[in-house]
Each structure stands twice: as C-alpha cells, then as structure tokens.
Amino acid sequence: MQKYFYPLVENPYRKKDIDEGIKVLKSRRLTTGLLTTKFQNTFSNKIKTNYSLLVNSGSSANLLAMQCLINPYRKKRLKSGDEVLIPALCWSTSLWPIVQTGLKPKFVDIDINTLNIDLVDLEKKISKKTKAIILVHVLGNCTNMNQLMRIKRKYNLILIEDTCESLGTKYKNKYLGTYGEFSSFSFYSSHQISSGEGGMVCCKNEEDFEILKALRSHGWSRGLKNEKTISDKNQNLDKRFIFYNSGFNLRSTDIAASIGLSQFKDLQKFIRNRTINRNLINREIKSNLKVSQNFNILKQNNHVKASWFGIPIIISKKLLRKNVIKKLEKYGVETRPIISGNFLKQPSVKKYKLSKSTNMKNAELVNNKGFFIGLPTKKIEKKIIKKLVKSLEKSI
Ligand SMILES: Cc1ncc(COP(=O)(O)O)c(C=O)c1O
C-alpha cells in the first residue's frame with residue numbers, strides 16, 4: 001500500500017520523456033553530444049541566459065561557477081580568503097563549493113516573509129573582503145531583485161544565483177538566473193523539470209563560458225573558441241589532447257539531455273498546473289479558520305511570478321514542529337524541511353568551523369517552525385485537496 005496519499009514528489013516522467021531517452025539509447029550515442037548542445041541552446045533562448053552549459057547536477061553547476069571565479073584565465077579573479085555572502089537557509093552544495101574553492105563563506109539571515117536573503121542583514125555583513133554573493137532563490141520565490149541589484153552595484157559584487165529550486169520564476173518579467181554573472185539550475189527528480197540527475201550552469205560573458213567549458217571537461221582545449229590557436233602554440237603536443245586548464249569531468253549525457261529537453265518544452269504547462277493546484281489548496285485552507293490560523297503559507301514576493309517548487313509552511317508559535325510532522329506523516333502527507341533549515345546547525349559547518357555562532361533569528365524560526373509539502377504537476381482531485389486540509393487540521 002502506498003504510504004502517502006499526498007507525497008512530496010510523484011514520478012515526473014511521462015511516456016514521451018522516456019521515449020526520447022530510449023531513442024538516444026538506441027542511437028548508442030550516449031555521452032555529451034548534439035542533444036546536449038540542443039538543450040543548452042533551447043534553454044538559453046527561452047530563459048534568456050547568454051550562455052548555458054549542461055552538467056550532471058545543480059551542485060556541479062555551483063561548483064563550476066565558484067571555480068571559475070578563481071581561475072587564472074579570468075582577468076578579474078578572486079583570491080583565497082575573499083568573502084562570499086550566503087543566506088543561512090541554503091542547500092549543502094550552495095555552500096560547500098565556496099569552501100572547496102578556498103573562498104570564505106559569511107552567513108546572512110533571511111527575511112521571514114520571503115524566506116530569501118534579508119537585504120538589511122546582507123548590507124550589514126559586507127566588508128572590504130566581500131567580493132561576491134550567492135543568492136538562493138527559495139522554492140520558487142525570490143527577494144526584491146531591484147534592491148539586491150542596487151547593493152550589488154554599490155559594492156561592486158559578483159552575483160551567483162542558485163536557481164536550482166526556481167526554474168521559470170520571473171521577477172518583473174525577467175527570469176531568475178539572468179540577473180547575476182552566474183546562475184545554476186537543477187533537474188533532479190523533484191524539481192520544476194527533471195532529467196534524473198542534471199543541471200545547467202549559465203553565465204553572462206564569453207570569457208567565463210570558455211573557462212566553464214574547459215573546467216567541465218578535464219580542462220582540455222576541445223570545443224574552446226581558441227582551440228586552434230592553443231594547438232598552434234603547442235605543436236609538440238597531440239592537438240586532440242591538450243590540457244589547457246585545470247578540470248573536472250562534470251558532463252552529463254545525451255540521455256539526460258533528451259529527457260530534460262522533452263520536459264523543458266512543457267515547463268510553462270507545468271508552472272501553470274502547479275499554480276492552479278496551489279491556488280486551489282490555498283482557497284481550501286482559507287475556508288478553514290483553524291488551519292489558516294495555524295499554518296502560514298508562503299506568499300510570492302511583490303513583482304514575482306513564481307514557478308512554485310512546493311508549498312512552504314510556517315506553523316504558529318504554539319505548535320511543536322515535530323508533533324505536527326509526526327501526525328501529518330501518519331495521515332499520509334509527506335513533509336520535509338524547508339531546504340535544510342538553519343544550515344549553521346549542521347555538523348559539517350561545526351566541523352569546518354565556518355561560523356562562531358549559529359544565531360540567525362529567522363533561519364532558526366524556519367528550522368523550528370517550517371516544513372514543506374509537495375505540489376504536483378498534474379491537476380489534483382478535489383477530494384485529495386479536502387483530505388489534505390483535513391489532515392492539516394487534525395495535526396494541530
Ligand atoms: C538550493 C539548491 N541548490 C543546489 C541544489 C543541488 O542540486 P542537485 O541535487 O541537482 O545537485 C539543490 C538541490 O535540491 C538546491 O535545493
């Protein structure tokens with residue numbers, strides 16, 4: 001018997017997505033190839049990113065963006081110990097690429113009304129050493145991007161947008177992931193579109209794109225714009241095997257690209273259906289006084305047209321999170337923390353001594369009073385919505 005009548009994620013793959021994957025399997029051209037390029041170009045055209053590069057996860061996208069910032073081929077590169085601001089409500093691999101790159105993370109609290117970075121605290125945390133901000137756009141919502149961009153310009157900071165949870169959200173009619181010098185997207189199974197595993201790293205300028213391409217694939221010169229010049233300068237080497245930069249192998253496959261592209265073509269439909277479902281659930285919650293007084297559903301920020309990932313909820317002060325979660329799980333509603341709660345509380349942060357204090361008022365509130373439930377892409381039946389809200393009521 002299925003444990004949950006309202007799971008966090010349903011299987012997102014349709015027959016047509018899988019058929020695209022099977023076509024690639026039958027072609028026996030499985031590694032990064034023409035379909036990867038097609039997905040990258042389609043993605044750039046639609047989201048209006050200047051350059052997009054398919055990688056094997058959103059985590060890899062964040063890692064490449066950070067690594068690009070310190071790369072010796074970058075004219076203006078960051079130095080070891082330079083500070084990068086990050087909200088305390090973040091994912092593990094929004095944070096660790098900063099540390100793995102030799103940069104220093106500095107945590108910023110969040111705004112409880114948006115769950116995104118608190119712009120007042122952000123400005124307070126800027127020092128002479130601050131060189132970049134990584135924003136985490138939480139579950140489809142974002143901060144006031146106009147104000148954020150003013151701060152970015154005022155202090156001359158580089159912006160990386162972790163858009164892994166917010167593909168398709170627009171702020172003032174401009175897609176998230178197109179504001180910063182870099183952005184990352186994830187196509188893991190529970191996200192707005194899925195390709196099993198997968199991600200995209202995007203950037204604004206060609207210099208960075210060339211670095212990202214090399215870093216993604218062993219550091220070799222293949223496929224770089226100046227591949228011929230590099231081989232002319234290195235006549236003593238086999239031109240197919242010139243290692244021009246440092247590197248990883250973070251490529252994806254054409255199998256994932258074909259499934260991702262098939263899903264990406266229907267992104268707007270998915271966003272529409274999720275929005276309809278969310279509105280129906282909201283309406284049902286509003287009609288139940290007990291539920292609406294005890295469960296605060298995150299609203300989209302001003303000027304945001306959200307592509308929702310799930311339904312983030314903050315419970316009232318009098319309720320204990322662990323009791324509510326336990327009951328919801330018992331009644332068949334699957335839950336999880338909002339991203340990872342206050343990331344400063346995680347043992348890895350303590351082990352690496354990244355922060356003296358774990359004190360972040362609003363991230364802590366999310367940690368202690370927040371959770372989220374799923375939001376299906378297919379239209380939800382009325383009786384399921386009623387059962388969901390009844391379960392919320394019974395969990396009080
Ligand atoms: C904010 C954020 N950043 C990065 C990631 C990592 O993405 P992936 O699972 O594709 O590595 C996630 C994963 O859910 C995320 O929520």
Side-chain angles (χ1 to χ4, degrees), residues 62 65-66 69-70 76 78-92 94-99 101-139 141-163 165-166 171-172 176 179-184 298-304 312 314 338-346 348-350 352-370:
N62 282 339
M66 285 298 161
L69 285 179
I70 58 152
K76 272 181 75 181
L78 302 194
K79 299 183 308 297
S80 164
D82 282 346
E83 281 175 7
V84 181
L85 298 174
I86 179 165
L89 187 67
C90 64
W91 184 246
S92 146
S94 324
L95 168 70
W96 290 107
I98 305 174
V99 181
T101 302
L103 301 169
K104 200 166 172 287
K106 198 169 183 182
F107 293 95
V108 180
D109 204 359
I110 53 146
D111 176 343
I112 199 64
N113 297 312
T114 66
L115 301 187
N116 277 262
I117 204 156
D118 181 321
L119 295 172
V120 176
D121 197 37
L122 173 75
E123 209 164 352
K124 270 194 214 151
K125 298 273 166 69
I126 295 173
S127 74
K128 279 200 185 111
K129 286 190 181 163
T130 310
K131 295 291 183 293
I133 311 170
I134 179 161
L135 281 188
V136 178
H137 300 304
V138 179
L139 296 168
N141 201 24
C142 71
T143 185
N144 179 330
M145 291 303 290
N146 277 359
Q147 222 174 313
L148 186 276
M149 293 305 279
R150 269 199 291 278
I151 297 173
K152 169 184 159 40
R153 282 191 290 270
K154 182 170 165 194
Y155 298 96
N156 196 21
L157 303 174
I158 294 169
L159 173 63
I160 302 118
E161 294 179 75
D162 181 334
T163 320
E165 299 184 352
S166 300
Y171 181 86
K172 287 204 168 170
L176 296 184
Y179 284 85
E181 281 82 353
F182 297 90
S183 60
S184 61
L298 177 72
K299 293 181 193 64
Q300 62 190 2
N301 201 357
N302 292 337
H303 309 297
V304 174
I314 307 286
I338 297 178
I339 317 195
S340 319
N342 178 5
F343 207 83
L344 289 166
K345 292 215 140 154
Q346 297 292 340
S348 51
V349 172
K350 287 183 198 144
Y352 279 76
K353 300 187 173 66
L354 295 188
S355 175
K356 285 197 188 93
S357 136
T358 60
N359 188 15
M360 285 281 158
K361 189 169 146 260
N362 290 331
E364 191 64 14
L365 189 60
V366 169
N367 200 81
N368 298 339
K369 299 285 176 188

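What you see is a predicted model; the values in this text were computed from it and never measured. This chain uses plain numbering: 1 for the first residue, then up along the sequence. The figures here come from the full heavy-atom set of this structure, side chains too, leaving out hydrogens, waters and symmetry mates.
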Is there a donor-acceptor contact under 3.5 Å from the side chain of N362 to the main chain of I110?
-> yes

T130 vs Y155, side-chain contact (heavy atoms from CB on, under 4.5 Å): CA-CA, chis, key distance, verdict = CA-CA 9 Å; T130 310; Y155 298 96; over 6 Å; no

Contact check, side chains of S184 and D162, non-hydrogen atoms, under 4.5 Å = yes

Take F107 and D121 through the test side-chain contact (heavy atoms from CB on, under 4.5 Å) and record every step on the way to the result.
-> CA-CA 10 Å; F107 293 95; D121 197 37; over 6 Å; no

L115 side, atom CG; T143 side, atom OG1 - distance, nearest 0.5 Å = 11.0 Å

T358 backbone acceptor or donor facing N342 side chain under 3.5 Å | yes

Has the side chain of S166 got a donor or acceptor atom that lies under 3.5 Å from a matching backbone atom of T163?
-> no

Going by heavy atoms in the side chains, are S94 and F343 under 4.5 Å from each other?
-> no

Test log, rule side chain to side chain donor-acceptor pair (under 3.5 Å), inputs E83 and S127 = CA-CA 8 Å; E83 281 175 7; S127 74; 3.1 Å; yes

State the NZ-NZ distance between K79 and K129, to the nearest 0.5 angstrom.
-> 10.0 Å

Taking the side chain as every heavy atom from C-beta outward, state whether L148 and I133 have any atom pair closer than 4.5 Å.
-> yes

K299: partners by salt bridge (charged side-chain N to carboxylate O under 4.0 Å, His left out), with sequence neighbours left out = none

Are the side chains of E161 and L176 in touch, meaning some heavy atoms are under 4.5 Å apart?
-> yes

How far apart are the closest heavy atoms of I338 and P312, and which atoms are they?
-> CD1-CB, 3.9 Å

Over all atoms of both residues, closest heavy-atom pair of N367 and S340 | OD1-O, 4.1 Å

With the side chain counted from C-beta on, respond yes when I339 and V138 share a heavy-atom pair under 4.5 Å apart, and no when they do not.
-> yes

Kindly say whether C142 contributes a backbone atom to a donor-acceptor pair with the side chain of N301 at under 3.5 angstrom?
-> yes

Is a donor on one side and an acceptor on the other found under 3.5 Å between the side chain of Y179 and the backbone of Y171?
-> yes

Between N359 and S357, is there a donor-acceptor pair closer than 3.5 Å when you use the side chain of the first and the backbone of the second?
-> no

Work out which heavy atom in L354 is nearest to a heavy atom in L95; give both atom names and the distance.
-> CD1-CD2, 3.9 Å

Distance from L157 atom CG to L122 atom CG, nearest 0.5 Å?
-> 8.0 Å

Which value, rounded to the nearest 0.5 Å, describes the distance between L69 atom CG and L103 atom CG?
-> 7.0 Å

What heavy-atom pair brings I98 and P105 nearest, and what distance separates the two atoms?
-> CG2-N, 3.8 Å

So CG of L344 and CE of M360: to nearest 0.5 Å the spacing works out to 5.0 Å

CG/D111 to CD1/I117 distance, rounded to the nearest 0.5 angstrom?
-> 10.5 Å

Between K76, K131, K152, which is the residue that forms a salt bridge (Lys or Arg N to Asp or Glu O under 4.0 Å) with E181?
-> K152

Between L119 and N144, does a side-chain contact (heavy atoms from CB on, under 4.5 Å) hold up when you go through it step by step?
-> CA-CA 8 Å; L119 295 172; N144 179 330; 4.1 Å; yes

Counting distance only, does the side-chain N/O of K125 pair as donor-acceptor with the main-chain N or O of K106 below 3.5 Å?
-> no

Flag side-chain contact, heavy atom, 4.5 Å: R150 against E123 = no

Answer yes or no: is there a side-chain heavy-atom contact under 4.5 Å between T101 and L78?
-> no

I would like to know whether L135 and N116 meet side-chain contact (heavy atoms from CB on, under 4.5 Å); could you show each step before the answer?
-> CA-CA 8 Å; L135 281 188; N116 277 262; over 6 Å; no

When every non-hydrogen atom of A363 is compared with those of A88, the smallest separation belongs to CB-CB, 3.8 Å

Are L159 and M149 close enough that some pair of their side-chain heavy atoms sits under 4.5 Å apart?
-> yes

